[in-house]
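Lettering of chains follows the sequences in order, A, B, ..., and the numbering in each one begins at 1. Keep in mind the model is a prediction, meaning the values are calculated, not measured. Only heavy atoms go into these numbers, but all of them, side chains included; no hydrogens, no water, no symmetry mates.
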Amino acid sequence: MNWLPGWTRRFRERRELSAEIQAHLEERTDALAAAGVPRREAEAIARREFGNVTATTEAGWETWRLQTLDSLLDDLRYAARTLLRNPGYAAVVAVTLALGIGANTAIFSVIRGVLLRPLPNRDGDRLLYLRQSVNSSGESDINFSVTEIRDLRAGVPALGGGIAEYSPFVAVLQSDGDATRLNIGLVTGNYFDVMGLVPFLGRVTRPSDDGTGVPPVVVLTYDFWRRRFGADSGIVDRPVTINGQQAIVIGVLQPAPFFPLQMDVFMNMVISPHHVGALMQNNRTHRMTEAVARLAPGATLAQAESQVATVYARLQREFPDAYDAKANFQLSVIPFKRALGERARVTLWLLMGTAALVLIIAVASVANVTLMRSVRREHELVVRASLGAGVARLRRLLLTEHLMISAIGATLGLGLATAGVPLLVSLTGRYSPRAGEIHLDGMVLAFALVLAIVVALVLSVVAFLPSEGALASVSAGGRRASGGLRKRSLQRGLVVLQVAVSVMLLAGAGLLTRTTIRLSDVPTGLESDNVLTLSANLLAANRGANADGGASTTQEYERIRDAISGLPGVRLVGIASVMPLRSTAPDLDLAVEGRPLAPGAPAPTGAVVLANPDYFAAAGLPLLRGRPFVATDQGNAAKVVIVSQLLAHRLFPTEDPIGKRVQLATTMGMFSGDWRTIVGVCGNTQDGGPAGAPTPTLYIPFAQESPYAGGFVIRTLSNVTDAGVAGVATEATRIVRQAAPTVPVEDVMTIGQFTDLTVAPRRVNAALVSSFGLLALIIAAVGIAGVLAFNVNARTNEIGIRMSLGAQPGAVERMILAEGGRLVGVGIGLGAVGAYASAGILRGLLFGVTPHDPVTFGVVLLTMVGVGLAACWLPASRAARIDPAITLRAHS
Amino acid sequence: MDNNNRRDLFPGALEMMVLRLIQREPAHGYALVQRIRERSQDLLQVEEGSLYPALQRLLKAGLVKASWERSATGRRIRVYRLTSAGSRHLVAEVSSFEQMLLGISRVVAPGNA
């Protein structure tokens with residue numbers, strides 16, 4: 001920008017020079033007047049003596065001319081004139097580039113916000129996430145026990161910045177007549193120091209808030225403070241009621257993303273007796289806390305990793321019971337920023353790659369248009385060259401023109417990106433806690449600028465390449481022949497490239513689309529048409545009522561159930577602690593009667609669900625063997641359970657499970673540890689989503705345990721319409737609200753809606769890639785048709801002669817079709833090879849289809865052949881309609 | 001004043017004279033016109049149309065600097081002063097000019113004919 005001061009000085013000097021000349025004229029006039037010349041005459045003489053004032057001022061102005069800038073402005077003026085003379089060309093090119101640049105800029109803004117931007121945390125690069133897992137599969141994070149964290153604190157000096165514990169905890173925030181479910185992070189006092197987060201208002205928790213005998217305190221996250229308290233700055237020191245206990249809000253946290261779960265508020269542990277209890281504090285295998293750590297000053301990630309590995313190996317030697325050798329225990333140290341981007345990374349880079357392919361097609365297409373135009377412009381360029389314009393100068397003219405058009409494209413593209421960002425934010429929100437950080441910042445603008453410049457350079461090279469020969473041979477007088485061949489082959493190459501890249505994009509789109517179809521087709525394990533769910537945690541709202549073992553709460557659920565059953569259109573209402581297909585049921589260790597665990601062997605686990613007798617029929621969960629729960633399975637009756645088929649198989653691979661007894665080995669203080677008799681086996685359900693494995697589940701009669709959570713599964717009559725189901729939902733919600741005004745009513749949706757939600761992110765993925773693919777297809781088709789049409793145009797003469805010599809229109813049409821067909825064929829071939837080679841990248845995003853799915857590839861190739869032929873047919877049929885008489889006359 | 005006998009100055013001559021004049025005494029454009037005429041005893045007459053662009057060139061090259069001042073008669077004038085770069089340039093110009101003059105006179109001198 002160092003031309004800017006020179007530029008403004010130039011204008012200042014012009015003003016000064018004018019003033020100076022004026023003063024000169026006055027002085028001369030005064031001198032003449034003093035010598036006795038009449039004033040008027042003196043003025044005229046002074047002027048005459050001085051000469052041409054304007055010319056002198058202009059000469060001064062020229063002195064301050066900035067060579068490069070001024071000629072750049074000349075070039076810009078020239079470029080603008082050229083583009084305005086060809087508004088059609090300019091519009092096509094600008095729009096095509098806008099699509100390419102816009103798509104890339106939008107996706108890049110997401111990558112920048114979610115993966116690249118520095119964390120808001122102090123020294124965010126030194127923040128680490130610790131993960132303990134078993135069986136080396138990503139799904140099997142098992143968290144840490146407090147004892148393990150203590151060992152790491154003592155043995156890993158490289159994590160001297162601190163290791164903090166936090167566990168997710170769900171509770172209900174009550175206020176007058178309103179209740180909200182709260183996702184709480186129970187944290188140790190060093191958590192915020194380790195995370196490098198400071199309060200936005202008030203204070204955060206500190207080590208003195210740890211342990212028992214301290215008052216419960218609440219730190220609100222920034223988002224929750226705005227959402228729930230309307231950013232009330234007087235919130236600090238205010239008491240709130242959480243699970244019936246009073247706690248004080250001590251502060252609001254700065255905005256920040258969390259991992260692995262998003263929190264509404266943070267609290268010290270004292271609110272949960274379990275977290276400060278002996279089991280949690282002292283049992284090495286009671287792994288219920290997440291851990292974040294900060295590198296000690298000067299320590300590196302590698303040091304931390306090696307020290308952690310040493311300590312972990314020692315722990316495994318010392319406590320073989322706690323680390324089953326078969327389970328392959330692993331402890332990894334992951335930069336927090338990477339952990340945050342973990343789930344989004346593959347998807348985002350896929351989208352970035354897709355967008356890049358779209359840009360390649362767009363540039364190839366624009367390059368082709370530019371090539372065709374450069375044939376027409378060749379004459380102009382040759383004339384300019386012969387009039388003395390240097391090759392460098394002509395190159396610059398073309399570059400300026402392309403810079404201008406790609407700048408217009410980039411500006412339009414930024415507009416598109418701006419419009420697309422809200423959509424991408426909502427998509428990314430499903431993958432990343434950092435979605436809120438996506439916006440078009442300076443880096444994104446710089447990205448768009450660089451894209452625009454690269455595009456302009458590529459176009460200039462392409463446009464100039466073939467003309468070079470022509471310019472060199474200008475003196476030889478050769479006009480048409482030169483460069484034609486290179487140009488033609490370049491054009492063909494670009495068409496092939498477009499077709500090939502389109503095939504790759506379409507293949508990717510096809511695979512992802514088939515994935516979503518496959519996912520939607522996965523049976524959930526339920527007959528879930530016309531089933532509505534609605535959860536409401538009555539127990540959490542009246543904690544005091546638990547004195548009777550939950551019996552009164554159970555009765556309240558039953559009263560509400562009866563009221564909902566009375567609604568018109570309702571066939572059956574089940575009650576359960578967790579709604580069907582949710583993965584939120586507690587996963588607890590189980591023991592089988594008469595079969596003690598070998599030391600160190602992992603206990604079998606099962607998701608524990610409380611369900612009443614009607615639940616199974618209401619949810620459409622089939623009972624495969626044994627008997628259902630009945631009304632007499634009450635608290636005082638014999639304890640019974642129903643197990644899912646998978647759990648039955650795991651516990652009793654060879655025996656009949658009916659009549660066997662099992663026990664909850666860990667009860668978390670939520671359940672009793674009684675022995676329970678298996679009375680039935682029901683079907684499996686896909687609680688982990690359609691792509692996951694079925695969940696081994698243990699069902700306990702709702703009336704036999706304290707209902708720690710609850711909700712209703714409402715099956716409507718099969719003739720009830722969607723609108724009718726929505727009406728039932730409204731009425732049922734009203735009934736719950738009336739019966740328990742302080743309880744939040746959640747998950748009011750049909751099971752179909754819920755399963756749609758679980759597939760939705762992949763569906764949006766598939767839709768994005770498909771729309772990119774479609775875009776590519778359209779651009780490619782227009783490109784093929786354009787190039788062929790241009791060639792037909794250029795060969796009008798030749799075709800006219802052929803036809804006058806007896807060639808039939810059909811033969812001409814076939815000739816052009818064959819020309820286009822060859823290009824399309826080569827493009828499809830290359831594209832198929834490219835897609836086949838690169839489809840492996842998609843493997844992690846696919847479900848139910850292989851990356852080389854023959855059906856997808858077949859459909860894509862057929863589509864491309866069809867579109868390619870259609871694109872060739874248009875110019876071919878035009879060629880066939882050429883009238884030889886007219887052409888020959890016109891060209892004679 | 002014999003107009004027929006006047007010839008164009010060689011490139012750089014005007015600039016050199018301007019630099020020398022304002023080295024002796026800072027001056028504005030009008031004064032420079034007068035002084036060149038006086039000092040050359042009417043042999044040289046500088047046109048304003050050349051002088052002012054020359055001053056602009058010197059300004060741009062940083063050899064002189066200009067400031068608006070009040071003259072003794074209370075007139076607002078733009079006075080030019082030599083910069084240190086200007087005095088260095090002047091020394092070099094004058095010496096190369098003298099070399100050239102010497103060379104020309106050796107060639108043109110009658111004894112060499």
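Taking the six-membered ring where the residue is Trp, A:Phe108 and A:Phe447 present parallel rings, their angle staying beneath 30° rather than reaching 60°.
Contacts between A:Glu26 and chain B at a heavy-atom distance below 4.5 Å involve backbone atoms as well as side-chain atoms. In this structure, the portion of B:Arg76 lying under 4.5 Å from any heavy atom of chain A is its backbone and not its side chain. Residue B:Leu51 does not touch chain A at all, counting heavy-atom pairs closer than 4.5 Å.
Note on A:Asn52, A:Ile21, A:Asp30: by heavy-atom pairs under 4.5 Å with chain B, the leading option is A:Asp30.
Taking 4.5 Å as the heavy-atom cut-off, none of the residues of residues 84-104 of chain B approach chain A.
The line from CD of A:Glu401 to OG1 of A:Thr82 is 4.5 Å long, rounded to the nearest 0.5 Å.
Between the side chain of A:Asn86 and the backbone N or O of A:Tyr89, no donor-acceptor pair lies under 3.5 Å.
A donor-acceptor contact closer than 3.5 angstrom is absent between the side chains of B:Glu69 and B:His28. A donor and an acceptor atom, one from each side chain of B:Trp68 and A:Glu16, are located under 3.5 Å apart.
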query: Given B:Arg20 and B:Glu25, is the salt bridge (Lys or Arg N to Asp or Glu O under 4.0 Å) satisfied, shown in steps?
result: CA-CA 9 Å; B:Arg20 173 66 84 199; B:Glu25 192 187 343; over 6 Å; no
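Taking the centre of each ring, A:Phe50 and B:Tyr30 stay at or above the 6.0 Å mark.
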